[in-house]
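This report refers to the structure that appears directly beneath it.
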Amino acid sequence: MASINFLASPNYVARSIKASSKSSDHLKDGFPLGNKNLPGRKSRGDRRELTVANVATQAPVVSRPSPGKGPAGGGRDHVAWTSVRQHRWEGELAVEGEIPLWLSGIYLRNGPGLWHVGDYDFRHLFDGYATLVKLQFQNGRLIAGHRQIESEAYKAAMKNDKLCYREFSEVPKADNFLSYIGELASLFSGASLTDNANTGVIRLRDGRVVCLTETQKGSIMINPDTLETLGKFEYTDSLGGLIHSAHPIVTETEFLTLLPDLINPGYLVVRMEPGSNERKVIGRVDCRGGPAPGWVHSFPITEHYVVVPEMPLRYCARNLLRAEPTPLYKFEWHPDSKGFMHIMCKASGKIVASVEVPLYVTFHFINAYEETDEDGRVVAVIADCCEHNADPTILEKLRLQNLRSFIGRDVLPNARVGRFIIPLDGSPYGNLEAALNPDEHGRGMDMCSINPAFLGKKYRFAYACGAQRPCNFPNTLTKIDLVEKKAKNWHEEGAVPSEPFFVPRPGATEEDDGVVVSMISEKNGDGYALLLDGSTFEEIARAKFPYGLPYGLHGCWVPKK
Ligand SMILES: CC1=C(/C=C/C(C)=C/C=C/C(C)=C/C=C/C=C(C)/C=C/C=O)C(C)(C)CCC1
Ligand SMILES: [Fe+2]
């Protein structure tokens, strides 16, 4: 695979080289080499060290599972669940098919791509250290690369060869009772919480690009061209709290997010303007059930309202303190506490509806909009999400051991496009139903995107991962038509695709006029970037990476300046 810089600007080459030597400096500091082979450590054949590739001149060592070990569809060695081998890489990819010439910019995808430190293997998908991947499209050509995000948690792990911060499910081992007490104290201050920004990446309207997780301190700015870590995104307000939603909503005029209040169960709804680091409170929602707020990984908005979900899967202070993970990690399932949906007016901060809804489990809202009557009065809010049939066991299914032990049995729990209908007439109850027959998408449903021009508005199309069964993880790319109530599915045997991300064609008038970008981890250990036509959902191009890709979570689009 050729890996040359093709961009006309010599600055580009200069930047790459500069970035490369900077990385070597870290190496001199003993920074990113993984296993130091300390005495007494297990030396395993499959242990792979994290090294730094010579950016743009040398392809990384391909991570390839040994043939015949796993069953079709991904087994023990599937590259999707295998740590990335190198700190960073960049190079041009050969393209099969045609990349539209209008597609000009960088697709970034973030996710947990490194699941071990030293000889210790992490247990849950969400624990991995953040790996940022880029696809830079220009004139029909494609430069790709990846780079580890240099969070404090990642740097400390690389330096000390051990886990140093509390991750999603992993807790550093205390050496003795005193250090255990110290660790507990630092949990309350947030000092021991991770800043491993492994969940998503967003582009603020002022141009800054920020990687995120659910800890507020895990908001990290990066350079989208070089993927270099630039430093913490510091919130300059005094709102405090340790956690926030992993999916803030960014519009042309604002950044909106939710801050769960674990002490006095509720949520602050906050806004931040482009160019600012200061969040301002729009309003507060008090929880209606349970001992703690529901987990709020994401939330939707409409043109005038913020939708605040209160899910019966709730944060659990006791589980936050535990050293060993529980089946639901830092959360607890409280069906008795019921599920609610709250609607807050963006302009006034007033709650205009707060309804009880059937029990639900969702991590990802797809979109929401206002339903009007014939006189144009808003009568309801419709909110769509990837809903796991009120079953939180999906969290357990995302343990690496489960993902790596697929033996052909159909173990992925069912999911659907859950549609909340939230009346604004003062009724105490809202509805939850499937927006289309889940068999249309194999009863798998998560990792969704829409045309961003339809954010908060009535819309027709969503793109997500569905299932072709038997499987243990969503394994199709699916285009959902919410009007026709039909789905079109892309599937390749044994492949694990990441979130299909829709990029609209500039000047488009149709909702699905654009391309869908995804990255595929193949069962033979390879990986490629895939472009589908947003309308026909047919493949238009693919470009193979010189190494297999670990699974990644969410992405964003950075248009060319
Ligand atoms: C680090 C701490 C936490 C971190 C929470 C994180 C990193 C949460 C990430 C959640 C993600 C990525 C959810 C994605 C769900 C995807 C699904 C269900 C896909 C299903 C496919 O079928 C806290 C837990 C906030 C506590 C403090 C420490
Ligand atoms: Fe997410």
Side-chain angles (χ1 to χ4, degrees), residues 80 109-112 122 124-130 151 153 163 165-171 187-188 190 192-202 211-218 241-248 258-260 262 292-299 311 313-317 319-322 325-326 328-332 361-366 385-389 391-399 402-403 411-416 441-449 464-467 471-476 478 496-499 551-556:
R109 188 198 73 178
N110 194 5
F122 293 166
H124 198 278
L125 175 65
F126 299 161
D127 286 324
Y129 292 114
S151 59
L163 184 82
Y165 289 83
R166 286 177 174 254
E167 297 296 336
F168 174 79
S169 82
E170 299 288 349
V171 174
L187 175 61
F188 289 106
S192 65
L193 279 184
T194 189
D195 65 343
N196 172 21
N198 69 0
T199 305
V201 51
I202 55 168
C211 295
L212 294 163
T213 181
E214 295 198 9
T215 58
Q216 293 189 34
K217 70 198 276 206
L242 300 175
I243 56 180
H244 58 186
S245 158
H247 291 275
L258 301 186
L259 311 182
L262 304 190
W295 184 5
V296 65
H297 181 71
S298 75
F299 64 97
M311 181 159 77
L313 180 61
R314 295 176 184 272
Y315 296 94
C316 173
N319 289 353
L320 273 165
L321 297 174
R322 281 184 213 275
T326 73
L328 294 177
Y329 301 93
K330 311 289 194 270
F331 309 95
E332 237 174 13
V361 168
T362 186
F363 303 94
H364 296 118
F365 278 88
I366 302 171
C385 66
C386 307
E387 205 275 310
H388 293 264
N389 289 344
D391 176 2
T393 57
I394 180 71
L395 277 183
E396 185 92 46
K397 299 286 188 267
L398 300 181
R399 281 174 56 191
N402 292 333
L403 294 170
V411 291
L412 179 73
N414 291 347
R416 57 183 179 161
H441 45 81
R443 291 166 285 107
M445 179 48 47
D446 220 301
M447 312 308 285
C448 47
S449 78
C465 291
C471 60
N472 66 342
F473 194 78
N475 58 356
T476 68
T478 295
V496 178
S498 67
E499 177 182 80
Y551 184 69
L553 293 167
H554 303 291
C556 76

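Just so you know, ligand 1 is whichever comes first in the structure, and atom 1 is the first atom listed for that ligand.
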Please identify which atoms of ligand 1 are closer than 4.0 Å to at least one heavy atom of [X].
X	answer
Phe363	15 (C), 18 (C)
Thr199	7 (C), 12 (C)
Leu320	26 (C), 27 (C)
Thr213	7 (C)
Leu193	27 (C), 28 (C)
Thr194	1 (C)
Phe331	24 (C)

Flag side-chain contact, heavy atom, 4.5 Å: Ser298 against Phe363: no

Just so I know, are the side chains of Glu387 and Met445 near enough to count as touching, which here means a heavy-atom distance under 4.5 Å?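 Not touching, per the 4.5 Å side-chain cut-off.
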
Checking a contact table here: which protein heavy atom is nearest [atom], and how many Å away?
atom	value
atom 11 (C) of ligand 1	His297 CE1, 3.2 Å
atom 23 (C) of ligand 1	Lys330 CG, 4.5 Å
atom 6 (C) of ligand 1	Phe168 CD1, 3.7 Å
atom 14 (C) of ligand 1	Phe126 CZ, 3.2 Å
atom 20 (C) of ligand 1	Asp446 OD2, 3.6 Å

Vertex the Fe ion (ligand 2): angle to NE2 of His364 and NE2 of His247, to 10°?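 Value, to the nearest 10 degrees: 110°.
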
What is the ring orientation for [X] with [Y], classed by angle as parallel under 30°, tilted 30 to 60°, or perpendicular over 60°?
X	Y	result
Tyr329	His124	perpendicular
Phe331	Tyr315	tilted
His554	His364	perpendicular

Pick, from Thr215, Asn319, Val171, the option with the minimum heavy-atom distance to atom 2 (C) of ligand 1.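 It is Thr215 whose heavy atom sits nearest to atom 2 (C) of ligand 1.
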
Evaluating non-hydrogen atoms only, which member of Ile243, Leu553, Asn196 is closest to atom 12 (C) of ligand 1? Leu553

Passes side chain to side chain donor-acceptor pair (under 3.5 Å), Thr476 versus Thr478? Steps please. CA-CA 6 Å; Thr476 68; Thr478 295; 3.0 Å; yes

Scan Asp127, Thr213, Leu212 and name whichever one has a side-chain contact (heavy atoms from CB on, under 4.5 Å) with Asn198.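 Result for side-chain contact (heavy atoms from CB on, under 4.5 Å) with Asn198: Thr213.
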
Close approach of [X] to ligand 1, heavy atoms, under 4.0 angstrom:
X	result
His364	yes
Pro474	yes
Tyr329	no
Leu395	no

When you look at Ser151 and Asn196, which way does the side chain to side chain donor-acceptor pair (under 3.5 Å) test go after all the steps? CA-CA 6 Å; Ser151 59; Asn196 172 21; 4.6 Å; no

Assess whether a salt bridge exists between Glu332 and Arg314, defined as any Lys/Arg side-chain N lying under 4.0 Å from an Asp/Glu carboxylate O. no

Would you name the heavy atoms of Pro474 and Cys465 that are closest together and state the gap between them?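 The answer is CB-CB, 3.7 Å.
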
What heavy-atom pair brings Pro413 and Asp391 nearest, and what distance separates the two atoms? CB-OD2, 4.3 Å

Report the C-alpha separation of Phe122 and Tyr129 in whole Å, then their side-chain angles, then the decisive distance to 0.1 Å, and conclude whether the ring pair (Phe, Tyr, Trp, His ring centres under 6.0 Å) test is met. CA-CA 10 Å; Phe122 293 166; Tyr129 292 114; 5.4 Å; yes

How is the N/O/S atom of His554 that comes nearest to the Fe ion (ligand 2) named? NE2

Less than 4.0 Å from atom 8 (C) of ligand 1, is there any heavy atom belonging to the protein? yes

CG/Asn402 to OG1/Thr393 distance, rounded to the nearest 0.5 angstrom?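 Those atoms lie 10.5 Å apart.
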
